[in-house]
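Okay, structure first, notes after.
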Amino acid sequence: MSKVSFSVNGKTRELALDTRTTLLDALREHLHLTGSKKGCDHGQCGACTVIVGGRRINSCLTLAVMHEGDEIKTIEGLGTPENLHPMQAAFVKHDGYQCGYCTPGQICSAVAVLDEIKAGIPSHVSADLNAPAQLTNAELRERMSGNICRCGAYSNIAEAITEVAGRQA
Amino acid sequence: MKSFTYERARTPADAAAAALRNPDTKFIAGGTNLLDLMKLEIETPAHLIDVNGLALDKIEPTAEGGLRIGALVRNTDLAADRRVRRDYGVLSRALLAGASGQLRNKATTAGNLLQRTRCPYFYDTNQPCNKRRPGSGCAAIGGFSRQHAVVGASEACIATHPSDMAVAMRALDATVETVRPDGATRTIPIAEFHRLPGDTPHIETTLQPGELITAVTLPKPVGGRQIYRKVRDRASYAFALVSVAAIVQRDGTGRVALGGVAHKPWRVEAAEAQMPRGAKSVAAQLLADAKPTRENAFKLSLAERTLGAVLTEAKG
């Protein structure tokens, strides 16, 4: 067992965990924040995406004990049923899901993608590495490629993100 | 996953010394490859040394006019660094062609060099694999080998190195800096860092037991058109079938390295003299000793055509 302390959605949490516990399992099994989903558990599907220190990561591929002092944001910290985050509201409006299993990961990823574009981080499809990143459909699709949706709601997901991005611009 | 003990390293030399004391130790940084393999019990370390606190996360100019990239610099930060984008475009492009946004936010420069093959027989613990269990045989030879190496392979292993970043590093003549358990440091040219499989495919690099990567250094920028072109089965988030990292000068001379074809980034300096003559001449020399399987022979023409597309793009 190993002790670790980190902040989840603004609240400090102290846990004593088996060193093998992934951040995803710590969130779901120990803190009962079951919004983040376990899909493949190997970093291939993105259902477990959370935001750590402002950056999206696969919570299944990192050990909880490696996050001492970190600030973690999960889908539960983005909005509430009464007060949805704009990205959550846009996913509802544009029907950006079918079964919903990948949705928390998609939304966490989408929120972080807009921050990455704002920070000027280029992508594989950026035509010019030295120009500001563009907010095109091709850019969003490339940047969201780590989030798989087996229902195939991709075009609606892209529309939801585009709407939020437009409002922020 | 097998149980393990865990410690946070205080200095690079301490980490190296601690790793030597226990031969079942692994360093962990991003963890994106190691934890995947630990879940499958392909990697079963008894002890993990977390090196994330070692402050090796800076990109600094060198006295020679190059860049020194800390071992812990995340793939996202390296790809987005203004100096890398401007002066080492092939490296930015290679990084952005690999993995997903989430993984690039975690994966480190040193970890990227050290990632293991994605050979499906290495991943399947029911199959023999000389890399996973030395001496057990190779299920890929005679198996489904479409993704596998066409050059530099051996009777013991036909796995490829999966990194995109390392291919660009090879074209850029990067140098790997390390610290050893006795505290001594050394530099390893990237050309000598990864090994060919031979009869010991489980030994993938020239690192010694306990030796820790502290940085990767890029020499002074060489200019030219810098292009990384990756061919894969889907448009994003997939490993290369073939990739080409190229630096092409105005007079048509330059450098080229291939990914997806060998156990290490594949570069043959002598072949580069053929660059002004075109892709066919370069590929003929670069892949002269190729021994493809029936299933991956397509990689030879694919490599030549991808190189051809890159050389055409460089002229435009």
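Nothing here was measured: the structure is a model prediction, and the numbers come from that model. Numbers restart at 1 for each chain; the letters A, B, ... are given by sequence-line order, proteins then strands.
In the displayed structure, A:Lys37 atom NZ is contacted under 6.0 Å by more than 12 heavy atoms of other residues, nucleotides or ligands. More than 12 heavy-atom neighbours from other residues, nucleotides or ligands sit within 6.0 angstrom of CZ on A:Arg13. The number of heavy atoms from other shown groups lying within 6.0 Å of CD (B:Glu41) is above 12. Counting non-hydrogen atoms of other residues, nucleotides and ligands closer than 6.0 Å to CZ of B:Arg250 gives a total of 12 or fewer. Surrounding CD of A:Glu71 are at most 12 heavy atoms belonging to other residues, nucleotides or ligands under 6.0 Å away. Counting heavy atoms of neighbouring residues, nucleotides and ligands inside a 6.0 Å radius, atom CZ of B:Arg83 exceeds 12 of them.
The CG atom of A:Leu61 lies 9.0 Å from the CG atom of B:Asn33; values are rounded to the nearest 0.5 Å. From B:Arg104, atom CZ reaches atom CD of A:Glu116 across 8.0 Å, with rounding to the nearest 0.5 Å. The line from CG of A:Asp41 to NZ of B:Lys39 is 3.0 Å long, rounded to the nearest 0.5 Å.
Contact annotation for B:Ala79: only backbone heavy atoms (N, CA, C, O) come within less than 4.5 Å of a heavy atom of chain A. For B:Ala29, the part sitting under 4.5 Å from any heavy atom of chain A is the backbone (N, CA, C, O) and nothing else. Residue contact with chain B, scored on non-hydrogen atoms closer than 4.5 Å, involves the backbone and the side chain of A:Thr19 alike. Residue B:Asp50 touches chain A through its side chain alone, counting heavy-atom pairs closer than 4.5 Å.
In this structure, B:Leu35 and A:His42 have side chains that are not in contact, with every pair of non-hydrogen atoms separated by 4.5 Å or more. Residues B:Thr32 and A:Thr62 form no side-chain contact, since every pair of their non-hydrogen atoms from C-beta on lies 4.5 Å or further apart. When side chains are defined from C-beta on, A:Val52 does not count as touching B:Asn105, because their heavy atoms never get closer than 4.5 Å. In this structure, A:Asn130 and B:Arg86 have side chains that are in contact, with non-hydrogen atoms separated by less than 4.5 Å. Residues B:Ser100 and A:Gln44 are not in side-chain contact: their nearest non-hydrogen atoms beyond the backbone lie 4.5 Å or more apart. At least one side-chain heavy atom of A:Leu63 sits under 4.5 Å from a side-chain heavy atom of B:Leu48.
Contact detail for B:Arg93 and A:His124: the closest heavy-atom pair is NH1-O, 3.5 Å. Across A:Asn58 and B:Gln102, no two heavy atoms sit closer than the pair OD1-CB, 3.4 Å. Annotation for B:Ser92 and A:Leu129: closest pair CB-CD1, 3.7 Å, computed over non-hydrogen atoms. When every heavy atom of B:Leu103 is checked against every heavy atom of A:Gly43, the shortest pair comes out as CD1-O, 3.9 Å. The heavy-atom pair separating B:Leu96 from A:Glu142 by the smallest distance is O-OE2, 4.1 Å.
Scanning residues 2-9 of chain B against chain A with a 4.5 Å heavy-atom cutoff picks out B:Lys2, B:Ser3, B:Phe4, B:Tyr6, B:Arg8, ordered by number. For residues 227-235 of chain B, a heavy-atom distance under 4.5 Å to chain A picks out B:Arg232, B:Ala235, given by residue number. Using a 4.5 Å heavy-atom cut-off against chain B, no residue of residues 4-12 of chain A qualifies as contacting. Contact annotation for residues 99-109 of chain A against chain B (heavy-atom separation below 4.5 Å, listed by residue number): A:Ser109.
Options A:Asp18, A:Val113, A:Thr49 differ in how many heavy-atom pairs under 4.5 Å they form with chain B, and the most are formed by A:Thr49. Across A:Thr22, A:Ile57, A:Asn147, the residue that shares the most heavy-atom pairs under 4.5 angstrom with chain B is A:Ile57.
A salt bridge does not link B:Arg85 with A:Asp128: none of the charged nitrogens is closer than 4.0 Å to a carboxylate oxygen.
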